[in-house]
Participant: 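Before I ask anything, here is the structure I am working with.
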Amino acid sequence: MIDVRLLRQDADAVRAGLARRGKPELLDQLAEAITLDIEVRDIGTRRDAIRARVNELSKQVGAARRDGNTAAADDLQKQSRELGDEEHSLAARADELQEQLRQILLRIPNVPHPEAPDGASDHDNPVVKGPLQMPASFTDQQRIPHWDTAARLGILDSERAVKLSGAMFTMPRKAGAMLSRALCQYALDMNADAYEEVRPPSLVTTATLTATGQLPKFADDAYAIERDDLWCIPTAEAPLTSLYSGEILDEAALPVRLMAYSPCFRREAGSAGRDTRGMLRAHEFDKVEILALATPEQAATMLIELRDRAERLIAGLGLPYRIIEICTGDMGQSHHRSFDIEVYAPGCDSWLEVSSVSWFSDYQGRRADIRYRRAGEKGTHLVHTLNGSALAVPRVWAAIVENFHQPDGSVVIPEALRRYMRGLERITV
RNA sequence: GGAACGGUGGCAGAGCGGACAAAUGCAGCCGCCUUGAAAGCGGCCGGCUCGAAAGGGCCCGGGGGUUCAAAUCCCUCCCGUUCCGCCA
């Protein structure tokens, strides 16, 4: 959530920031929020005044009863009771407006970072690094889509996956299954020097999914288990970010660095019919996420650290890649600043987003109520949250099958992964 | 799933209608003492929110209710522990 107090003190700054996202309706929502906020505070102040009077009278009633002054006590009680009714209706009104305000604020996106590039859509995302590790040309074999190669090698059984679970589910087999697992272990091991490994729950509460921003606005994109009021996580970002929700950390504990392997579940509500073949888009996939909770001062550096770590994984596999920065018009709701790492897949002839690294400023910290305390200081501050896919398995899997497809029809396993694949050097029929 | 007992500040743990933001202990902070430290002693020591400030309001698992007044009584939900059942 954006900061209501900032909205009060400097509404123009918030307006100007949100305007960069290029969605005019946001400014209307903002105006509505400002109006509601004023009204909520006005009613709240009146309610508090009555409340104070009731508290005062109650004390007097107690005193009068102790002194045996029954008549005076009865009179005071009567006065207080009358105030009670007025307080009740004011409180009810305040709660109602407060909730309305909250619902609006939950849907208002984060303000972009000043250095985030302006732009209207993904076409305006500038390439900030690369392409790197790009060969001068690609062979005929490399131009074969991974779904064809995978089918020939027997490492991807899409038909049976669909039989089991329906469209948009995948099922790697044999060396393909091993490759999926190897990528996860590789990503975890490469970050184990500084990141604590967590194995979070894959089902989380509504509150947890609201903290990171997936709810309430994007409920259609997530799998809901209504009977138990639980949701399947679309990314480990959700449980990892909320790990310390409602807690106050010592500044010395920051930055907190966490990583997790998890399955990710996405309904892909708006993308029926897109990327239906192969491993590019599925309702369930594996991912290793890296994440940090930081002070505002640490955050900018952390963003680069996370990006470098994500890059190092792709570079270490020998895949052609580039890094783009997300422009204001293409940013996710919670994002303050983000970068994507894209791998080139010659068979699909496209750049695949394999990692997204983002800084959320205090937007998620406020929703999740994660604060920290500076040593020797009174009061608390909201943490900044950052995270990135260390490695999203299926698209890297696809890129490996395409890029390392040899003229003899085999697929060479990147050196870095072989130790996780029982020494396998290449996949053959 | 059934039964019983619980959920209070960073932790431990009192309080069970009125003077309770809440005893006490530990931890923490400041000072004294000390060559230094420990121990001792004295003081401070929760969060949120409205307000320029003075000051006010809210928070004892969540929500609702009773009452002039609720940490305390009632309802409900959630969570925990133990026992039983079931089970990877």
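Sequence lines set the chain letters: A, B, ... in the order given, protein chains first and strands last, and positions in each chain run from 1. The basis for the numbers below is simple: all heavy atoms, side chains too, and nothing from hydrogens, waters or symmetry mates.
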Participant: Has A:E197 got a side-chain atom pairing as donor or acceptor with A:M259's backbone, closer than 3.5 angstrom?
Facilitator: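 Checking the backbone N and O of A:M259 against the side chain of A:E197, no donor-acceptor pair under 3.5 Å is found.
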Participant: Roughly how many Å is it from CG in A:L83 to P in B:A69, rounded to a whole number?
Facilitator: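 Rounded to the whole Å, the gap is 10 Å.
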Participant: Does the structure show a Watson-Crick or G-U wobble partner for B:C58, both distances under 3.5 Å? Name it, or say none.
Facilitator: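 Paired with B:C58, as far as the under-3.5 Å criterion goes, is B:G47.
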Participant: Taking 4.0 Å as the cut-off, does a side-chain nitrogen or oxygen of A:R8 come that near to OP1 or OP2 on B:C50?
Facilitator: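 Looking at the OP1 and OP2 atoms of B:C50, one of them is under 4.0 Å from a side-chain N or O of A:R8.
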Participant: With C1' as the reference atom in both, quote the distance from B:C83 to B:G46 in angstrom, rounded to an integer.
Facilitator: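 Looking at atom C1' only, B:C83 and B:G46 are 37 Å apart.
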Participant: A:R41 side chain to A:L36 main-chain N or O, any donor-acceptor pair under 3.5 Å?
Facilitator: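 Not a single qualifying donor-acceptor pair exists.
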Participant: Contact class for A:R5 (heavy atom, under 4.0 Å): base, sugar-phosphate, or nothing?
Facilitator: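 The residue A:R5 makes sugar-phosphate contact but no base contact.
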Participant: B:G47 phosphate, OP1 or OP2: any side-chain N/O from A:R373 under 4.0 angstrom?
Facilitator: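 Looking at the OP1 and OP2 atoms of B:G47, one of them is under 4.0 Å from a side-chain N or O of A:R373.
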Participant: Would A:R257 and A:E196 count as a salt bridge (charged side-chain N to carboxylate O under 4.0 Å, His left out) here? Give the steps.
Facilitator: CA-CA 6 Å; A:R257 293 180 173 89; A:E196 178 195 332; over 6 Å; no
Participant: Determine the Euclidean distance between corresponding C1' atoms of B:C44 and B:G51; express it in Å to zero decimal places.
Facilitator: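 Result for the C1' pair: 26 Å, nearest Å.
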Participant: Could you tell me whether the side chain of A:R21 and the main chain of A:M331 form a donor-acceptor pair under 3.5 Å?
Facilitator: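 Yes, the answer is positive, given that a donor and an acceptor are paired below the 3.5 Å cut-off.
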Participant: With sugar-phosphate meaning primed atoms plus P, OP1 and OP2, does A:S80 contact a base, only sugar-phosphate, or nothing at under 4.0 Å between heavy atoms?
Facilitator: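 Sugar-phosphate contact only.
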Participant: Enter syn or anti for the glycosidic conformation of B:G40, syn applying to angles within 90° of 0.
Facilitator: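 Syn.
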Participant: Looking only at atom C1', what distance separates B:C58 and B:C5, rounded to whole Å?
Facilitator: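 Nearest-Å result for B:C58 against B:C5 at atom C1': 31 Å.
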Participant: Let me know the distance between CG of A:N55 and P of B:A69, rounded to the nearest Å.
Facilitator: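 Going from CG in A:N55 over to P in B:A69 covers 9 Å.
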Participant: Tell which nucleotide pairs with B:U67, taking only Watson-Crick or G-U wobble pairs whose two distances are both under 3.5 angstrom.
Facilitator: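 Across any shown strand, B:U67 pairs with none.
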Participant: Between B:A71 and B:A19, how far is it from one C1' atom to the other, in whole Å?
Facilitator: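 B:A71 and B:A19 have their C1' atoms separated by 16 Å.
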Participant: The side chain of A:T380 lies closest to which of these nucleotides: B:G47, B:G56, B:G18?
Facilitator: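 Nearest listed nucleotide: B:G47.
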Participant: Can you tell me, in whole Å, how much space there is between the P of B:G7 and that of B:C16?
Facilitator: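 So the two P atoms sit 14 Å from each other.
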Participant: Let's see if you can work this out: which of B:G47, B:G18, B:C50 has an atom nearest to the side-chain heavy atoms of A:R66?
Facilitator: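 Comparing B:G47, B:G18, B:C50 against the side chain of A:R66, the answer is B:G18.
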Participant: Below 4.0 angstrom from OP1 or OP2 of B:C50, is there any side-chain N or O of A:R46?
Facilitator: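 A:R46 to B:C50 OP1/OP2: no side-chain N or O under 4.0 Å.
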Participant: Mind checking the P distance from B:C48 to B:A38? Whole angstroms is fine.
Facilitator: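 It comes out at 31 Å once rounded to the nearest Å.
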Participant: Just compare B:G51, B:C48, B:A69 and give me whichever is closest to any side-chain atom of A:R51.
Facilitator: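 So the side chain of A:R51 is nearest to B:A69.
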Participant: Return no unless some side-chain N or O of A:R81 is found under 4.0 Å from OP1 or OP2 of B:A69.
Facilitator: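 Indeed not, no polar side-chain atom of A:R81 lies that close.
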Participant: On RNA chain B, check which nucleotide each of A:G84 and A:T45 is closest to and give me the residue with the more 5' one.
Facilitator: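 Closer to the 5' end of RNA chain B: A:T45.
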Participant: I need the CD-P distance between A:Q60 and B:U67, as an integer number of Å.
Facilitator: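 My rounded result for the distance is 21 Å.
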Participant: Between atom CD1 in A:I50 and atom C1' in B:C50, what is the gap in whole Å?
Facilitator: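 Atom CD1 in A:I50 sits about 15 Å away from atom C1' in B:C50.
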Participant: Does a side-chain N or O from A:R41 land closer than 4.0 Å to OP1 or OP2 of B:G51, or not?
Facilitator: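 For B:G51, OP1 or OP2 has a side-chain N or O of A:R41 closer than 4.0 Å.
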Participant: Please confirm whether the backbone N or O of A:I326 pairs with a side-chain atom of A:D330, one donor and one acceptor, at under 3.5 Å?
Facilitator: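 No; judged by distance alone, with no hydrogens or angles, the pair does not exist.
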Participant: Among residues two or more places apart or on two chains, list those pairs meeting ring pair (Phe, Tyr, Trp, His ring centres under 6.0 Å) that have a residue in residues 204-229 of chain A.
Facilitator: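 Residue pairs passing ring pair (Phe, Tyr, Trp, His ring centres under 6.0 Å), neighbours aside: A:Y223-A:H283.
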Participant: Heavy-atom nearest nucleotide on RNA chain B for A:V54 versus A:G62: which residue maps closer to 5'?
Facilitator: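 So the residue in question is A:G62.
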